[in-house]
Amino acid sequence: MTAIPENSTSTPTGLVGLYMRIIKLPEHIPLSLVQLAARVAVAHVFWQSAQSKLASWPVTLQLFANEYNLPFIDPSVAAPLATTAEITGSVLLFLGLFSRLGALMLLGVVSVIQIFVFPENWAEHLLWASLMLLVLTRGAGVFSLDRLADRILRREA
């Protein structure tokens, strides 16, 4: 039995080689596509949430007053703040414009929802937070107005 040196660059052949090539295929997906998908998915969730709040504002105020029970903030202030954050964050993420700010805003919304409103839905909140953390830490990606603005500002500098 001969040992393959650790610094060997040979790749396995046969079934093992095929398996290794297949599991590495996703590495060829551009990060910008992942960033775009994350932005659109989160934007959609919070846009829909804001639209349902706006569709029946009296019910929204009632939910904030009687069911959500947020401490330290009056429901008549909390409802418009939450709705504004959802709309603004959604639009910013969707366009990829000031996307890190949009992600940070919606992370704040998710934190409040997780801590004070629906702590039992932690898995769903973690999923949203993970997508927003991707945008917060890596940016909006190539398919964004942030990238376009960056290119224009670099030319002018």
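- Looking only at distances, a side-chain donor or acceptor of Arg39 sits under 3.5 Å from a matching main-chain atom of Ala140.
- Formation of a donor-acceptor pair under 3.5 Å by the Gln35 side chain with backbone atoms of Gly139 is found in this model.
- Ring centers of Phe46 and Trp128: under 6.0 Å apart, within the cut-off.
- Lys53 is listed as a side-chain neighbour of Glu86, based on a closest heavy-atom distance under 4.5 Å.
- Side-chain atoms of Ile73 and Leu81, non-hydrogen and from C-beta on, do get closer than 4.5 Å to each other.
- Looking at every heavy atom in both residues, Arg100 comes nearest to Asp146 through N-OD2, 4.5 Å.
- Under the 4.5 Å side-chain heavy-atom criterion for Ile, Leu, Val, Met, Phe, Trp and Tyr, Val109 and Leu61 are members of distinct hydrophobic clusters.
- The shortest side-chain heavy-atom distance between Ser49 and Val45 does not fall under the 4.5 Å cut-off.
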Inset, instruction - Tell me, with the steps shown, if Leu131 and Val135 meet side chain to side chain contact (heavy atoms under 4.5 Å, CB included). - result: CA-CA 7 Å; Leu131 296 173; Val135 175; over 6 Å; no
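- Linking ILVMFWY residues whenever their side-chain heavy atoms come closer than 4.5 Å, directly or via other members, places Leu148 and Leu101 in the same cluster.
- Between Pro30 and Phe143, every side-chain heavy-atom pair lies at or beyond the 4.5 Å cut-off.
- To the nearest 0.5 Å, atoms NZ (Lys24) and CE (Met20) are separated by 6.0 Å.
- Residue Leu63 holds its CG atom at 4.5 Å from OH of Tyr68, rounded to the nearest 0.5 Å.
- When the side chains of ILVMFWY residues are joined at heavy-atom separations under 4.5 Å, either directly or via intervening members, Met105 and Phe98 end up in a single hydrophobic cluster.
- Cluster annotation: Val59 is not connected to Trp57 through the hydrophobic network of ILVMFWY side chains, with a link wherever side-chain heavy atoms come within less than 4.5 Å.
- A distance-only check finds a donor-acceptor pair linking the side chain of Ser90 to the backbone of Ala43 [under 3.5 Å].
- Of the inter-residue distances, the one linking Met132 atom CE with Leu107 atom CG reads 4.5 Å to the nearest 0.5 angstrom.
- Contact record, Gly96 with Ser144: O-CB, 3.6 Å, taken as the closest heavy-atom pair.
- By the salt bridge (Lys or Arg N to Asp or Glu O under 4.0 Å) test, Arg155 pairs with no residue at all, sequence neighbours left out.
- Counting heavy-atom neighbours within 6.0 Å of Leu153 CG, excluding the residue itself, gives a total above 12.
- Looking only at side-chain heavy atoms (C-beta outward), His125 and Phe118 come within less than 4.5 Å of each other.
- Leu33 and Leu133 fall into different hydrophobic clusters, where Ile, Leu, Val, Met, Phe, Trp and Tyr side chains are chained together by heavy-atom contacts under 4.5 Å.
- Between Asp74 and Val77 the shortest side-chain heavy-atom distance falls below 4.5 Å.
- Looking at Asn69, its side chain never comes within 3.5 Å of a backbone N or O of Val117 through a donor-acceptor pair.
- Heavy atoms of other residues, nucleotides or ligands lying less than 6.0 angstrom from CH2 of Trp122 number 12 at most.
- Between Glu124 atom CD and Ile113 atom CD1 the span is 9.0 Å, to the nearest 0.5 Å.
- A 4.5 Å side-chain heavy-atom check between Trp47 and Ile87 finds at least one atom pair inside the cut-off.
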